[in-house]
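The structure appears below as structure tokens.
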Amino acid sequence: MTENLNPFAIAQAQLDEAAKVLQLDPDMHAFLREPMREFHFSIPVRMDDGSTKTFKGFRVQYNDARGPAKGGIRFHPDETIDTVRALSAWMTWKTAVADIPLGGAKGGIICNPRELSQGELERLSRAYMRNIARYVGLFQDCPAPDVNTNPQIMAWMLDEYEILMGHREPGVITGKPLALGGSAGRGPATAMGGMYNIREAAKVLNIDLSSATAAIQGFGNVGSFAHKLITPMFGTKVVAVSDEFGGIYSADGLDFDTVADHLAKTGKVIDCPGTEPISNKDLLELEVDILIPAAIENQLTSKNAHNIKAKLIAELANGPTTPEADDVFNDKGIYIIPDFLCNSGGVTVSYFEMVQNGYQYYWDEDMVNQRLDHKMTKAFHAVHDMAQAKNVDTRVAAYLVAVSRVAEAVRLRGWV
Ligand code: GLU
């Protein structure tokens with residue numbers, strides 16, 4: 001049988017497995033298998049050449065029982081409604097496992113931002129916000145950055161929303177620039193949360209991080225900050241990194257500043273001085289202690305799982321591993337920090353950003369990181385302890401923790 005790579009089918013299969021272990025009430029299970037609300041938009045945008053191009057956009061509010069829905073917006077040529085549905089489900093489990101009082105949502109636009117001018121990107125971002133404006137808000141649904149979106153795009157969306165509403169409401173969107181009410185530490189937050197998870201995992205696995213090696217797939221906001229942080233924090237050597245154009249390798253370790261300078265000059269990591277090229281496939285299969293997928297879904301599948309040699313996989317991407325690959329990793333005894341635990345630092349600091357916006361008083365980066373560390377350490381051990389107690393793998397354990405919390409809120413509201 002060929003492997004099902006539809007991310008929403010995968011998200012549902014993962015929930016089904018957890019529901020079995022939890023002996024979840026079938027009515028609750030049926031409710032949690034589907035998004036509560038979704039919005040589909042056709043978005044006409046005036047292009048620089050005077051033509052009009054129509055883009056397809058989505059916002060899915062998967063579940064808001066625990067609080068206002070929360071989740072990023074992706075700009076990607078391969079975006080589909082099922083990808084957004086899956087990502088919104090994972091946001092629901094993510095906010096629950098991190099124990100922040102929010103639900104889960106996700107947005108997406110089918111587009112290739114590399115092919116858009118800054119002006120076109122701004123008009124598309126503002127038009128998307130005009131479409132979702134009536135469905136978002138501090139106590140309704142709060143968007144944020146994700147793949148190919150950034151603080152500037154959040155700033156345009158915030159401005160469009162505030163023009164429409166006629167008042168300032170900084171907490172309607174997170175990942176904003178600092179000058180518009182962003183939080184200190186939000187840029188590195190997803191990677192930083194991953195670092196706290198890796199630190200705790202290394203303790204339970206007896207991995208000495210100061211002599212460990214790591215490979216990182218993806219060099220966007222998350223992957224690049226993971227590279228930047230892991231060596232100064234733990235002494236771990238990053239031997240390979242990649243972006244969508246290719247990878248680079250150095251047995252002696254890749255210096256972050258050198259790679260970042262080269263990327264700033266050329267737009268790619270390949271051909272960085274002092275490194276050898278490496279394919280995406282070979283990067284994933286390197287003999288390293290820690291593998292950090294930090295790109296997109298479906299990177300570790302039945303095709304390559306048997307060849308993965310890392311001891312620890314820290315999933316900073318959303319959905320990088322298929323259920324078939326999970327089975328292989330379980331057999332091989334590879335420890336996984338599952339995506340919606342490992343990358344929950346981003347949304348956790350987004351929540352801190354909403355809190356700070358709410359009382360218009362801002363914390364310094366040390367305070368943010370201290371509070372993030374506390375949340376991540378608690379979340380990691382809740383999942384790890386659950387895995388031990390129920391004798392299940394860490395992904396199922398993360399689902400057990402998250403689904404019980406969401407189900408409790410649904411029950412208390414009397415929905416099911
Ligand atoms: N896009 C990030 C994620 O997948 C952050 C979401 C947020 O901050 O709302 O977790």
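All ligand and atom numbering here is 1-based and tracks the order in the structure. In this chain, numbering begins with 1 at the start of the sequence shown.
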- Geometric class of the H227/F256 ring pair [parallel <30°, tilted 30-60°, perpendicular >60°]: perpendicular
In terms of residue, atom name and distance, what is the protein heavy atom nearest to [atom]?
atom	value
atom 7 (C) of ligand 1	A144 CB, 3.3 Å
atom 5 (C) of ligand 1	R186 NH2, 3.5 Å
atom 9 (O) of ligand 1	K70 NZ, 2.8 Å
atom 1 (N) of ligand 1	D146 OD2, 2.6 Å
atom 8 (O) of ligand 1	S350 OG, 2.5 Å
atom 3 (C) of ligand 1	K94 NZ, 3.3 Å

- Message: I'd like to know if the side chain of D255 reaches the main chain of T258, judged simply by a donor and an acceptor atom lying under 3.5 Å from each other, with no hydrogens or angles considered.
- Response: yes
Check whether the side chains of [X] and [Y] place a donor and an acceptor atom closer than 3.5 Å, and report yes or no.
X	Y	result
W90	Q14	yes
D339	N318	no
K281	N304	no

As an exercise, identify every atom of ligand 1 less than 4.0 angstrom from a heavy atom of [X].
X	result
M91	3 (C), 4 (O), 6 (C), 10 (O)
G71	9 (O)
K106	1 (N), 3 (C), 4 (O)

- Side chain to side chain, M354 and L102, heavy atoms closer than 4.5 Å: yes
- N-O pairing of E200 and K378 below 4.0 Å: no
- Query: With a 4.0 Å cut-off on heavy atoms, does R74 reach ligand 1?
  - Reply: no
- Message: Heavy-atom distances under 4.0 Å decide this one: backbone, side chain, both or neither, for N318 against ligand 1?
- Response: side chain
- Query: Side chain or backbone of P145 under 4.0 Å from ligand 1, or both, or neither, by non-hydrogen atoms?
  - Reply: backbone
- For the ring pair Y135 and F39, is the centre-to-centre distance below 6.0 Å? yes
